[in-house]
Trainee: 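Let me begin by handing over the structure; questions about it come next.
Letters A, B, ... mirror the listed sequences (proteins, then strands); counts begin at 1. Quick note: numbers below take in every heavy atom, side chains included, and nothing from hydrogens, waters or symmetry partners.
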Amino acid sequence: MAAFTAPKGVPEYYPPDSSAFLAVREALAAPARRAGYGYIELPVFEETGLFVRGVGESTDVVRKEMYTFEDRGGRSLTLRPEGTAGVVRATIEHGLDRGQLPVKLWYAGPFFRAERPQHGRYRQLQQVGVEAIGLDDPALDAEVVALADEGYRSLGLSSYRLLLTSLGDAQCRPAYRELLVEFLRRLDLDEDTRARAQVNPLRVLDDKRPELQAQLGAAPLVVDHLCPSCKEHYDDVRRHLSALGVQWEEAPRLVRGLDYYTRTTFEFVHDGLGAQSGIGGGGRYDGLMGLLGGQPLSGIGFGLGTDRTLLACQAEELTVGDSARCDVYLVPLGATAKDRLVALSGELRRAGVRVDVAYGERAMKGAMKGADRSGATYAIVLGDRDLDAGEAQLKDLRSHEQTAVPLDDLLSTLKGKLL
RNA sequence: GUGGGUGUAGCUCAGCUGGUAGAGCACCGGGUUGUGAUCCCGGUUGUCGCGGGUUCGAGCCCCGUCACUCACCCCA
């Protein structure tokens, strides 16, 4: 009888640590909500063609990392490997881009890639993302980047860096690509790399192998071959980022794995995570709306890794989230006391106080231990002795001070202390 | 997908040149006929990842497999 186990490469979060996961997700989403982004909830699977077209046939994600299956009607479906394609699809399908622009949306949830699992690299990964569709205003690029930065900063993270570059657009990238292909052709490359140079030459630039990097020293860089409008756009983005107080590093060899990126492109890397250091990334995708059958509108967005951000917090030994399960812990001694405290638990919860009760027939000592473990600030002890006196014992679990409070005043006393 | 490392109690780990398992924490109880966190005492907990093989005998050696992990790759 083999016990069941979770599928390979899937992280699970459960108490007490799950509170940190929730706090990270909340922290990453909060800046977008404060900036007028509306929530969008999307399916976790889509028509396979959406990703093949949107993410790009030449990408590793599409070529070897998608969970693709056929449903009972013979349709080819794929568990979403990223969020942008779905958001753009929904924007077009529901005509969200028919009103005032930009359309600003945020989302959070699981994504799926069939990779070999590693610390920080999961087959089911959690992301928080935003998309701003319809304007190519560089100030909007800066806003999106700043939202991500603010999310990380609000958690207390400091050992991360923002890498920034521009990948050019349909005007200037083709010519640059030619240059790069020509340059790569003259290098002595192994078979895999040569193939990559054919399919996606930009990817070769950020290869980590030092011997290859040595050869790439003189490689042409996109930023040196931007057309005038792309260059102006990039300059404006950087000016606005400075105004927003965001710091970045120029990363002219930064390349993203998804084909749709144009112009502003960025990635956040954390120094405490080993090889899987990217905690978030994104950029502009000015051709994607048109490519997926919508109006030819521009767009920019990011995806932030919730799992990796949590790992980054742990690497920096930050405490995130509230590990306390409740504020007040009720300890009844005897049936009559239990009736009173069960009723009180309902009243307190309706008033917004977090309450737990020592259920079962626990001994006093065990019940108090439960109070301690719950993280509660106060314990209420009620036994026959107290009932006779018409009061309950209110114990402050931090100062260890205990006072008698008339039963009728319990609710108002606790509300006064906690709300 | 490629290469390396590691799998022993719920958790962190010890276990000698092969002789059929230990510690700390956690949990439960007692010390305190109604008081946690601290202290003292006692107790529960394992198909030693799984399957084969070698051996009189395997947690330890060999093979396979699964999971995790590190790097490549990829990316969040």
Side-chain angles (χ1 to χ4, degrees), chain A residues 1-3 5-11 14 16-17 24 28 55 59-65 81-84 108-129 148 152 160 190 192-193 196 200 203-204 206-210 212 254-258 267-270 273-282 302-312 329 331-334 337 358 360 362-387 392-402:
Chain A
M1 185 182 67
T5 59
K8 178 178 173 137
V10 172
Y14 41 85
D17 298 337
V24 166
L28 294 179
V55 176
T59 62
D60 282 34
V61 168
V62 167
R63 290 201 299 174
K64 46 193 190 193
E65 295 173 4
E82 58 94 52
T84 302
F111 297 86
F112 305 86
R113 291 180 200 171
E115 297 183 277
R116 179 141 172 188
Q118 215 173 300
H119 187 59
R121 183 167 76 180
Y122 305 116
R123 294 186 168 185
Q124 175 175 311
L125 56 118
Q126 298 278 343
Q127 284 191 13
V128 172
Y152 296 130
Y160 70 91
D190 62 89
D192 279 0
T193 312
R196 198 140 37 102
N200 193 343
R203 282 233 67 89
V204 178
D206 73 344
D207 195 295
K208 287 177 189 166
R209 290 170 293 184
L212 185 51
L254 178 65
V255 178
R256 313 244 63 230
L258 315 179
E267 185 168 309
F268 288 85
V269 296
H270 193 274
L273 296 184
Q276 308 306 320
S277 60
I279 54 175
F302 62 57
L304 310 182
T306 312
D307 310 281
R308 286 189 187 174
T309 302
L310 177 56
L311 290 171
Y329 197 87
V331 180
L333 302 170
R362 306 197 68 179
M364 180 67 166
K365 181 168 179 158
M368 288 306 291
K369 201 162 186 172
D372 188 54
R373 297 300 143 87
S374 75
T377 314
Y378 297 102
I380 299 285
V381 178
L382 186 66
D384 292 340
R385 187 196 296 171
D386 310 295
L387 285 166
Q393 303 301 321
L394 171 62
K395 180 161 188 174
D396 184 321
L397 292 167
R398 291 178 193 166
S399 69
H400 316 159
E401 282 171 20
Q402 184 166 308

Trainee: Sticking with atom P, work out how far C25(B) lies from U55(B), rounded to a whole angstrom.
Mentor: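 Per the computed distance, 44 Å lies between those P atoms.
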
Trainee: Taking atom C1' of U32(B) as reference, at what distance in whole Å does atom CE of M364(A) sit?
Mentor: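 Rounding to the nearest Å, CE of M364(A) and C1' of U32(B) are 11 Å apart.
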
Trainee: If we only count heavy atoms from C-beta on, is the Y160(A) to V269(A) side-chain gap below 4.5 Å?
Mentor: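 Result no, sub-4.5 Å side-chain heavy-atom pair not found.
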
Trainee: Does any donor-acceptor pair link the side chain of Q402(A) with the base of U35(B) at a separation under 3.5 Å?
Mentor: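 When only heavy-atom distances are counted, Q402(A) does reach the base of U35(B) through a donor-acceptor pair under 3.5 Å.
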
Trainee: Would the base of G34(B) count as contacting D386(A) through its side chain, where contact means a donor and an acceptor less than 3.5 Å apart?
Mentor: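 Counting by modelled atom types and ignoring angles, a donor-acceptor contact under 3.5 Å is found here.
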
Trainee: Could you state the interatomic distance from CD (Q126(A)) to OG1 (T309(A)), rounded to the nearest 0.5 Å?
Mentor: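 So the gap between those two atoms works out to 11.5 Å.
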
Trainee: Provide, to the nearest angstrom, the distance between the CZ atom belonging to R373(A) and the C1' atom belonging to G10(B).
Mentor: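 The distance from CZ of R373(A) to C1' of G10(B) comes to 14 Å, rounded to the nearest Å.
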
Trainee: Is there a side-chain contact between V381(A) and K395(A) (heavy atoms, below 4.5 Å)?
Mentor: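 They are not in side-chain contact.
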
Trainee: In whole angstrom, give the distance that lies between atom NZ of K365(A) and atom P of G34(B).
Mentor: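 In whole Å, G34(B) P and K365(A) NZ are 13 Å from each other.
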
Trainee: Under a 3.5 Å cut-off for both distances, is C16(B) Watson-Crick or wobble paired, and to whom?
Mentor: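 Base-paired to nothing in any strand shown.
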
Trainee: Measure from CE on M368(A) to P on G29(B) and round the result to the nearest Å.
Mentor: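 Going from M368(A) (CE) to G29(B) (P), I get 15 Å.
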
Trainee: To the nearest 0.5 Å, tell me how far R308(A) CZ sits from H119(A) NE2.
Mentor: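 Reported value, rounded in 0.5 Å steps: 10.0 Å.
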
Trainee: In whole Å, what separates the P atom of C74(B) from that of A14(B)?
Mentor: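 That atom pair is separated by 36 Å.
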
Trainee: Does the protein touch nucleotides 70-76 of chain B at the base, only the backbone, or not at all? Give it as B, S and - per nucleotide, heavy atoms under 4.0 Å.
Mentor: BBBBBBB

Trainee: Checking base pairs now: Watson-Crick or wobble, both atom distances under 3.5 Å. What partners G1(B)?
Mentor: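 Pairing partner, where one exists within any strand: C72(B).
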
Trainee: Rounding to an integer number of angstrom, what distance separates C73(B) and G3(B) when you compare their P atoms?
Mentor: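 Each nucleotide's P atom is 16 Å from the other's.
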
Trainee: When rounded to the nearest 0.5 angstrom, what is the spacing between CG in L333(A) and CG in D384(A)?
Mentor: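 The CG atom of D384(A) is 8.0 Å from CG of L333(A), to the nearest 0.5 Å.
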
Trainee: With P as the reference atom in both, quote the distance from U47(B) to G51(B) in angstrom, rounded to an integer.
Mentor: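 The answer is 11 Å between these two P atoms.
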
Trainee: Mind checking the CG-CG spacing from L387(A) to L382(A)? Nearest 0.5 Å is all I need.
Mentor: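 Going from CG on L387(A) over to CG on L382(A), the span is 4.5 Å.
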
Trainee: Distance check, P atoms only: G64(B) and G22(B), in whole angstrom units.
Mentor: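 One P to the other, the span is 33 Å.
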
Trainee: So does K395(A) get a side-chain nitrogen or oxygen closer than 4.0 Å to the phosphate oxygens (OP1/OP2) of U35(B)?
Mentor: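 False: K395(A) side-chain N/O out of range (4.0 Å or more) of U35(B) OP1/OP2.
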
Trainee: Going by purine N1 to pyrimidine N3 plus the second Watson-Crick contact, or the G-U wobble pair, all under 3.5 Å, which nucleotide sits opposite G64(B)?
Mentor: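 Per the H-bond distance test, C50(B).
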
Trainee: Just by distance, do the side chain of R123(A) and the backbone of E115(A) share a donor-acceptor pair under 3.5 Å?
Mentor: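 Between the backbone of E115(A) and the side chain of R123(A) there is a qualifying donor-acceptor contact (under 3.5 Å).
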
Trainee: Is there a Watson-Crick or G-U wobble partner for C27(B) with both distances under 3.5 Å, and if so, which one is it?
Mentor: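 Check on C27(B): paired to G43(B), both distances under 3.5 Å.
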
Trainee: Which value, in whole Å, describes the distance between the C1' atoms of nucleotides U32(B) and C60(B)?
Mentor: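 About 47 Å, rounded to a whole number of Å.
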
Trainee: Considering only atom C1', compute the distance from U65(B) to G7(B) and round it to an integer number of Å.
Mentor: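 My reading of the C1' atoms in U65(B) and G7(B) gives 13 Å.
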
Trainee: Take atom P in U54(B) and the same atom in C63(B), then report the distance between them in whole Å.
Mentor: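 Their P atoms lie roughly 15 Å apart.
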
Trainee: Report which part of the nucleic acid K369(A) touches: base, sugar-phosphate, or nothing (heavy-atom distance under 4.0 Å, all strands).
Mentor: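 The residue K369(A) makes sugar-phosphate contact but no base contact.
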
Trainee: Sub-3.5 Å donor-acceptor pair from the side chain of Y152(A) to the main-chain atoms of I279(A), do we have one?
Mentor: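 Yes, because the side chain of Y152(A) sits within donor-acceptor range (under 3.5 Å) of the backbone of I279(A).
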
